[in-house]
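One-based numbering along the sequence shown. Both backbone and side-chain heavy atoms feed into the values below; hydrogens, waters and symmetry mates do not.
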Amino acid sequence: MNLLTTMLIITTALSLILMTVSFWLPALTPDYQKLSPYECGFDPLGSARLPFSLRFFLVAILFLLFDLEIALLLPLPWGDQLPSPTLTLMWTSALLILLTIGLAYEWLQGGLEWAE
């Protein structure tokens with residue numbers, strides 16, 4: 001067998017095993033919490049006009065911001081092969097410094113405090 005056939009067999013077998021386990025395991029212990037629909041922590045049968053905390057949105061936006069930071073820093077190892085790696089280092093440092101200053105500002109303003 002060549003390498004491609006071996007890889008296809010292994011990935012197919014691993015996928016089938018993981019699919020079987022994922023369908024089999026949750027059926028072992030069904031309870032009220034697992035069977036109820038998830039509605040962002042709210043009771044799905046209650047009123048739809050409950051006040052929603054804006055801190056949740058702040059934390060979600062901060063998560064997206066730092067997730068975007070990771071996506072922007074992923075090609076950094078290949079930046080060393082560019083004609084001017086010092087320019088890449090300067091842009092990376094500027095991005096990290098700006099995000100660190102923003103994080104410190106949010107922290108000092110109390111934006112990261114979930115409970116008051």
Verify same cluster id: [X], [Y] (apolar side-chain graph, 4.5 Å):
X	Y	answer
M90	L73	no
I61	W107	no
L103	L95	yes
L68	L62	yes
L98	L72	no

- request: Could you list the residues that satisfy side chain to side chain contact (heavy atoms under 4.5 Å, CB included) with D67, not counting sequence neighbours?
  value: none
- prompt: Who are the side chain to side chain contact (heavy atoms under 4.5 Å, CB included) partners of S22, not counting sequence neighbours?
  reply: none
statement: Residues T100 and L96: closest non-hydrogen pair is OG1-O, 2.6 Å
- request: Work out which heavy atom in N2 is nearest to a heavy atom in T5; give both atom names and the distance.
  value: OD1-OG1, 2.6 Å
message: Rounded to the nearest 0.5 Å, what separates atom CG in L64 from atom CD in E69?
response: 13.0 Å
- request: Determine the sole option in L16, I17, V21 for which the side-chain contact (heavy atoms from CB on, under 4.5 Å) test with M19 is passed.
  value: L16
task: Would you check, one step at a time, whether the test side-chain contact (heavy atoms from CB on, under 4.5 Å) holds for I9 with T6?
output: CA-CA 5 Å; I9 290 173; T6 306; 5.9 Å; no
